[in-house]
Amino acid sequence: MVPAIEIRGADKHYGSLHALKAVDLTVDSGDFFALLGPNGAGKTTLINLLSGLSRPDGGILKVMGHDVVRDYLQARRNLGVVPQELVFDPFFTVRETLKIQSGYFGLRKNDEWIDDLLHNLQLSDKAEANMRALSGGMKRRVLIAQALVHRPPVIVLDEPTAGVDVALRQSLWKFIQRLNREGHTILLTTHYLEEAETLCRRVAILRQGQIVADDTTENLLQSSASGKLEDVFVALMQDEDELAEP
Amino acid sequence: MHGFRTLFFKEVLRFWKVSFQTVLAPLVSTLLYLLVFAQVMADHAEIYPGVSYAAFLIPGLVMMSMLQNAFANSSSSLVQSKVTGNIVFVLLAPLSPGEFYGAYVLASMVRGVLVGLVVFLAAWAFVEIPVREPLWAVVFGLLATILSGTLGVLAGIWAEKFDQMAVWQNFVILPLTFLSGAFYTLHSLPSFWAGLSRFNPFFYAIDGFRYGFLGNGDVSPWQSLLIVGGTCFALSWTTLALLRKGWRLRT
Ligand SMILES: Nc1ncnc2c1ncn2[C@@H]1O[C@H](COP(=O)(O)OP(=O)(O)O)[C@@H](O)[C@H]1O
Ligand SMILES: [Mg+2]
């Protein structure tokens, strides 16, 4: 089966900063995958290359077998991205926002699915509210709904629970798990390692633009004496200090 | 195709929701120009035989407001989306560079033509304006809003902040619209400024547009058509090439 995400030798420079160094990563179809790493490791950069928000300097990236540069229309149709930043268009209501996003993906009649999304993300009573009038957590959920309007097989969430309170985080994860059970491939980044530990089947860790671990959660946990992802993570980051370039 | 239509519709909705600023305000300011200039210049010699200064001025003012509003629509929408970050919703969507370009320019044309039309109708209520060659007026109205809307897209993808957009407004659009013969004929200018105006595509847009009303102009409408059409083509081609490369949008 064609992998949901296939990345070979992805390279990205920002001026003198080498943000991604020949990154290889494969996410199988149907997987629940965590991409971890400290701030500035390059997680968002890698997601941006995948979604076409940035251009790679080298390497090949594919979504459901579609090259994100050469076959960008198909790649984007297969991908739903929840950006890390809380962005919104202040001109529109929640429903208008979702209808417009559906339209961008060529969907004329999407009202049922939009209602479904609003219901599942507990936004039904905010459907006619202007985006400006929403709290941060609500805006985050609208971003998730926007990424899902076209029912993409591959869903990428960049720190979806940052700044979201505990109760809401729980219900968000339930929803994302349900999407995964229904066949969607999930790739997410998060700062909460225990979330990755309990939810994700596979984990990759980025450090200064390089993949330093890529294995099933189970194997990674077994490699640590304490059996906690946090200790695996900390150990890998310490290696980094020893290897640090002069 | 539906993606393109949605982006176009969204861009029209965006200015329509604030039509007080985007349609009514330009109407008021243009009518003020008309009031002041037509009064001051009432005794000015006729520029073309049998044509009052007000009748000469109105097509120029209408075109000026079309040019300014078409530019304002695409440029301000893009720079706002970039500053607030919501440009990502368009960039993540399966829209080709051509669809992106077409939607922004077409919405700019709608706003430009709408403002031009209300300015013209309002002025028409007070001043008798001949409409001798309506086809030329339509052709130049459309071409000029494409030209200006495209300039707005270029400025919008280049600018990262609002003050960078102000640079375009103050150092490109304003001089081009004021040195364009909206208020006078070239023959009334000192030769240096008249010569300079001949490099300004906005001058040809206004002269050709005015020809559509008065049947008279500084240059032949065919020459204006060639220059305005050629500039449109060159600018659209450049903008599309830059969009294909993702210049300043896909970093
Ligand atoms: N547009 C940009 N211009 C310059 N540097 C950037 C840009 N985007 C990201 N970076 C740099 O690239 C590195 C990786 O950033 P990012 O991918 O956002 O990290 P993460 O998401 O893992 O926290 C950081 O050092 C960041 O400062
Ligand atoms: Mg990030």
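Letters A, B, ... mirror the listed sequences (proteins, then strands); counts begin at 1. What you see is a predicted model, and the numbers here were worked out from it, not measured in a lab.
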Could you tell me whether the side chain of [Y] reaches within less than 4.5 Å of the side chain of [X], counting heavy atoms only?
| X | Y | answer |
| --- | --- | --- |
| B/His2 | A/Leu107 | no |
| B/Pro94 | A/Phe105 | yes |
| B/Lys10 | A/Phe91 | no |
| A/Tyr104 | B/Leu7 | yes |
| A/Ser102 | B/Thr6 | no |
| B/Phe89 | A/Leu143 | yes |

Region of [X] that comes under 4.5 Å of a non-hydrogen atom in chain B:
| X | value |
| --- | --- |
| A/Gln74 | neither |
| A/Phe88 | backbone |
| A/Gln101 | side chain |

Segment of B/Glu99 engaging chain A (4.5 angstrom heavy-atom cut-off): neither
Can you establish whether the number of heavy atoms outside [X] located under 6.0 Å from its atom [atom1] is more than 12?
| X | atom1 | result |
| --- | --- | --- |
| B/Phe183 | CZ | yes |
| A/Tyr72 | OH | yes |
| B/Trp124 | CH2 | no |
| B/Leu32 | CG | yes |
| A/Tyr14 | OH | yes |
| A/Trp113 | CH2 | yes |
| A/Glu182 | CD | yes |
| B/Lys17 | NZ | yes |

B/Leu13 and A/Phe92: CA distance, side-chain angles, deciding distance, side chain to side chain contact (heavy atoms under 4.5 Å, CB included) verdict: CA-CA 9 Å; B/Leu13 204 60; A/Phe92 300 108; 3.5 Å; yes
For the student: nearest non-hydrogen atoms of A/Leu73 and B/Ser96, plus distance: CD2-N, 4.3 Å
Atom of B/Asn86, atom of A/Asp89 and distance for their closest heavy-atom approach: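 Shortest heavy-atom contact: ND2-CA, 3.4 Å.
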To the nearest 0.5 Å, how far apart are [atom1] in [X] and [atom2] in [Y]?
| X | Y | atom1 | atom2 | answer |
| --- | --- | --- | --- | --- |
| B/Leu249 | A/Ser54 | CG | OG | 11.5 Å |
| B/Phe9 | A/Lys99 | CZ | NZ | 9.0 Å |
| A/Lys12 | B/Thr251 | NZ | OG1 | 6.0 Å |

B/Thr84 vs A/Val87, side chain to side chain contact (heavy atoms under 4.5 Å, CB included): CA-CA, chis, key distance, verdict: CA-CA 7 Å; B/Thr84 57; A/Val87 291; over 6 Å; no
Which of A/Ala75, A/Gly52, A/Pro90, A/Ser51 touches chain B most, by non-hydrogen pairs under 4.5 Å: A/Gly52
